[in-house]
Amino acid sequence: MLDVAVIEDPEAAAVSLDPVRAGLLAALAEPGSASTLADQTGLSRQKANYHLRALERHGLVELVEERRKGNCIERVLRATAASYVISPSALTGLAPDPDRVPDQLSARWLLALGARLVREVGELISGASAANRKLATFAADTEIRFASAADRAAFAQELADAVRDLADRYHDEDAPRGRRHRLVVALHPSITTPTEEH
């Protein structure tokens with residue numbers, strides 16, 4: 001089972017967003033059958049099986065084993081991932097495009113960059129998996145508490161300068177075997193809970 005899988009197909013996205021099917025996906029973090037899921041969810045076995053077939057058709061669950069129970073074969077399934085991210089490419093024609101209106105200080109542009117990141121990394125993961133290769137990526141995540149808006153602005157400027165300097169130093173347009181990489185740096189307020197606000 002993968003830790004995270006990206007859903008790129010619009011039909012698979014629709015299937016995963018159905019509340020009943022999403023509940024079955026969550027339950028299938030551990031292998032289960034239509035019978036065991038029916039007991040857990042209150043659905044009839046036939047209804048659970050109907051939804052499981054839809055999830056399986058779209059690659060969201062996979063067969064673990066088949067067990068004979070009397071005259072029947074019980075199919076045991078599990079989710080293909082512990083969690084899923086729906087790629088903006090599933091929204092054909094509606095996916096945000098950060099090249100449309102670039103604005104470094106816009107939260108909506110940051111959201112469009114994030115959407116492109118999900119779409120591109122999802123496609124790269126799919127390609128690397130199909131080729132049975134590892135994907136070279138790097139990510140960093142931290143929180144910073146700024147004393148003032150002026151400090152935040154100064155930090156953002158220093159960070160932008162440092163990124164530009166590093167990009168100038170390592171970018172080689174003429175490298176014969178070079179490969180382009182996308183670097184996205186984001187800074188946004190952390191989500192706070194009511195207890196953290198005081």
Side-chain angles (χ1 to χ4, degrees), residues 1-98 108 110-139 141 182 184 186 188 190-195:
M1 177 187 283
L2 299 171
D3 184 40
V4 181
V6 179
I7 299 172
E8 298 174 299
D9 177 62
E11 289 181 22
V15 165
S16 72
L17 290 171
D18 176 277
V20 172
R21 292 171 180 167
L24 292 173
L25 266 180
L28 285 172
E30 297 295 325
S33 66
S35 298
T36 59
L37 289 168
D39 292 342
Q40 289 175 26
T41 61
L43 294 170
S44 69
R45 188 183 57 74
Q46 291 82 3
K47 200 71 157 167
N49 194 49
Y50 167 78
H51 290 301
L52 290 172
R53 293 281 184 189
L55 291 167
E56 189 176 14
R57 201 168 38 252
H58 293 286
L60 300 171
V61 300
E62 60 191 0
L63 183 66
V64 174
E65 65 175 308
E66 292 182 323
R67 300 176 186 150
R68 180 165 291 284
K69 282 190 128 185
N71 293 332
C72 298
I73 300 287
E74 183 179 53
R75 302 178 79 244
V76 179
L77 304 161
R78 76 167 170 215
T80 53
S83 57
Y84 297 87
V85 175
I86 296 177
S87 169
S89 62
L91 298 169
T92 312
L94 298 175
D97 179 5
R108 296 188 190 283
L110 175 59
L111 197 58
L113 283 174
R116 181 175 67 189
L117 181 72
V118 168
R119 179 179 53 79
E120 289 183 351
V121 174
E123 288 177 20
L124 288 165
I125 288 171
S126 295
S129 295
N132 200 24
R133 297 182 67 180
K134 287 199 167 217
L135 180 62
T137 61
F138 169 80
D141 180 37
R182 185 177 302 284
V184 176
H188 62 82
S190 298
I191 303 289
T192 56
T193 62
T195 55

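This is a predicted model, so every value here is computed, not measured. Note: hydrogens, waters and symmetry copies are ignored here, and every other heavy atom, side chains too, is used. By convention here, the first residue in the shown sequence is residue 1.
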- Message: Do Arg53 and Asn49 make a side-chain contact, defined as non-hydrogen atoms from C-beta onward lying under 4.5 Å apart?
- Response: yes
- Query: What residues form a salt bridge (charged side-chain N to carboxylate O under 4.0 Å, His left out) with Arg67, not counting sequence neighbours?
  - Reply: Glu65, Glu74
- Item | Sidechain-backbone polar pair: Ser33 side chain, Thr36 backbone, donor-acceptor under 3.5 Å | yes
Distance-only check: which donor-acceptor pairs under 3.5 Å involve side-chain atoms of residues 39-48, not counting sequence neighbours?
residue	atom	partner	partner atom	Å
Thr41	OG1	Leu37	O	2.7
Thr41	OG1	Leu43	N	3.3
Ser44	OG	Lys47	N	3.0

- Quick one: side-chain hydrogen bond (donor to acceptor under 3.5 Å, both in side chains) pairs with a partner in residues 14-25, sequence neighbours left out? Arg21-His51
- Note on the structure: Smallest heavy-atom separation, Leu113 atom then Pro98 atom, equals CD2-CB, 3.8 Å
For residues 117-129, run the donor-acceptor check on the side chains, cut-off 3.5 Å, and write out each pair with its distance to 0.1 Å, sequence neighbours left out.
residue	atom	partner	partner atom	Å
Glu120	OE1	Arg182	NE	2.8
Glu120	OE2	Arg182	NH2	3.1
Ser126	OG	Glu8	OE1	3.3
Ser126	OG	Gly122	O	3.1
Ser129	OG	Ile125	O	2.9

List, one per line, each side-chain donor-acceptor pair under 3.5 Å for residues 76-86, sequence neighbours excluded.
residue	atom	partner	partner atom	Å
Arg78	NE	Glu62	OE2	3.0
Arg78	NH2	Glu62	OE2	3.2
Thr80	OG1	Gly59	O	3.2
Thr80	OG1	Leu60	O	3.2
Thr80	OG1	Tyr84	OH	3.0
Ser83	OG	Asp3	O	3.0
Tyr84	OH	Leu60	O	2.8
Tyr84	OH	Thr80	N	3.2
Tyr84	OH	Ala81	N	3.1

- What do the steps show when you test Leu24 against Val61 for side chain to side chain contact (heavy atoms under 4.5 Å, CB included), and what is the final call? CA-CA 10 Å; Leu24 292 173; Val61 300; over 6 Å; no
- Please name all residues satisfying side chain to side chain donor-acceptor pair (under 3.5 Å) with Thr137, sequence neighbours left out, ordered by chain then number. none
- Item | All side chain to side chain contact (heavy atoms under 4.5 Å, CB included) counterparts of Asp97, not counting sequence neighbours | Asp99, Arg100
- Message: My understanding is that only residues two or more places apart in sequence, or in another chain, count here; which of them pass salt bridge (charged side-chain N to carboxylate O under 4.0 Å, His left out) with Glu66?
- Response: Arg75
